[in-house]
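Step one of this worksheet: look at the structure below.
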Amino acid sequence: MSRPGELQEVALWRVRLPLRTPLRSGHGTEAHRDLILVAVRAADGTVGWGECSALARPTYTGEFTAAAWLVLRDELAPRVLAGEDLDVVGHPMALAAVRGAVRDADLRRAGRSLTDAVAARLGRPRAAVPHTAVVGRMAVDDLLAAVDARVRAGARLVKLKATPRRDDLDAVAAVRATWPTLALAVDGNGTLDGRAVATLDTLDLTYLEQPVPADDLVGSAELARRCATPIALDESVTSVTALETASALGAGAIVNVKPARLGGVDPAVAVVQRAADVGWPVFVGGLLETGVGRATALALAASSACLLPTDLGPSAAYFAADLTAPIVGDDDGLVVVPTGPGIGVAPDPDRLAAAAVDHVVVTPAAGTAP
Ligand code: MG
């Protein structure tokens, strides 16, 4: 990953950015994005960027921002500076940030894009990709307006967050009734029950994502046998091994691949390759990333191995002003994949400073400095 003395410092920024629209899902509500950016500075001055996309609270997975800050500051930054293995257990999003920053620096130095590096393993990339509008739980009238706006902006698929509550299921049915041919999906974030799944199964969904808790693969397999709707797994797939187990049990048919959840782009590539072996279509999911995490994940989404629409929409769907140059859509509503060296974007220093609520620089000699 890095050799001793190769890196001069690891800088951490904890940032807080308001979301344009709070995202309500089965695991809680995000109104702000509270996450960590990592910058590594190499001895030759090259800087690489990574993002820890953990949520503020341990609701999606066990990782959360305050804990990730400690893991990054006290474990991963000193180890990467010393050229040691980054062998922490249970913190894939923090790990992905450091791995991503080191990879970004290496690629920038080589003048090569992450998209091309991924394509070397997964096949020719696309310049722009179709995206899914992920729309949170809200009152029916608001939901119909939100879906209408995102479809007009070019989303090719709409994914609604839902719980077994009657109003959520009625809202999904209202969207289906309004757009009978819209490509529509639902994400239960592990909260659904058999009755809710049976109702949703009548709505001609493209897929039903993570209906039951992450560790309930047997339960997911039972639903998959009863449902005509393909089951997509997100939280359940934490590794290649987890994917193989899910596949062996028949617990799903589609996988949501997020580099952050899997510990970085390289483990994510391995999951995409294994998914092809077991015949599961892939889409690249999102975690309300800023431009740094969004560009990183888009390098994977650009691959022709990830053909379902990605959850990574344009920056403007999430933030009034992203920390980097915004990720944008083209005239057809496709999301344009950054092409510059490394991840192709970097934070604007002034916007980063304005959004930062904590900052620390870890160096080999001095340890941690505020
Ligand atoms: Mg999901």
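Heavy-atom basis, side chains included; hydrogens, waters and symmetry copies ignored. Start at 1 and go down the list; that is how both ligands and their atoms are numbered. Along the sequence shown, residues carry numbers from 1. None of these values were measured; they are calculated from a predicted model.
- Remark: Arg121 engages Asp266 in a salt bridge, criterion side-chain N to carboxylate O under 4.0 Å.
- For Trp13 and Trp69, the gap between ring centers reaches or exceeds 6.0 Å.
- Judged by the 6.0 Å and 45° rule, Arg294 forms a cation-pi pair with Tyr318.
- Applying the side-chain hydrogen bond (donor to acceptor under 3.5 Å, both in side chains) rule to pairs touching residues 126-140 yields Arg137-Asp168, sequence neighbours excluded.
- Between Lys258 and Asp311 there is no salt bridge, since no side-chain N of the basic residue sits under 4.0 Å from a carboxylate O of the acidic one.
- Around the Mg ion (ligand 1), the protein contributes the following N, O or S atoms under 2.8 Å, ordered by chain and number: Asp187 OD2, Glu209 OE2, Asp234 OD2.
- Under a 4.0 Å N-O distance rule, the pair Asp106/Arg112 does not qualify as a salt bridge.
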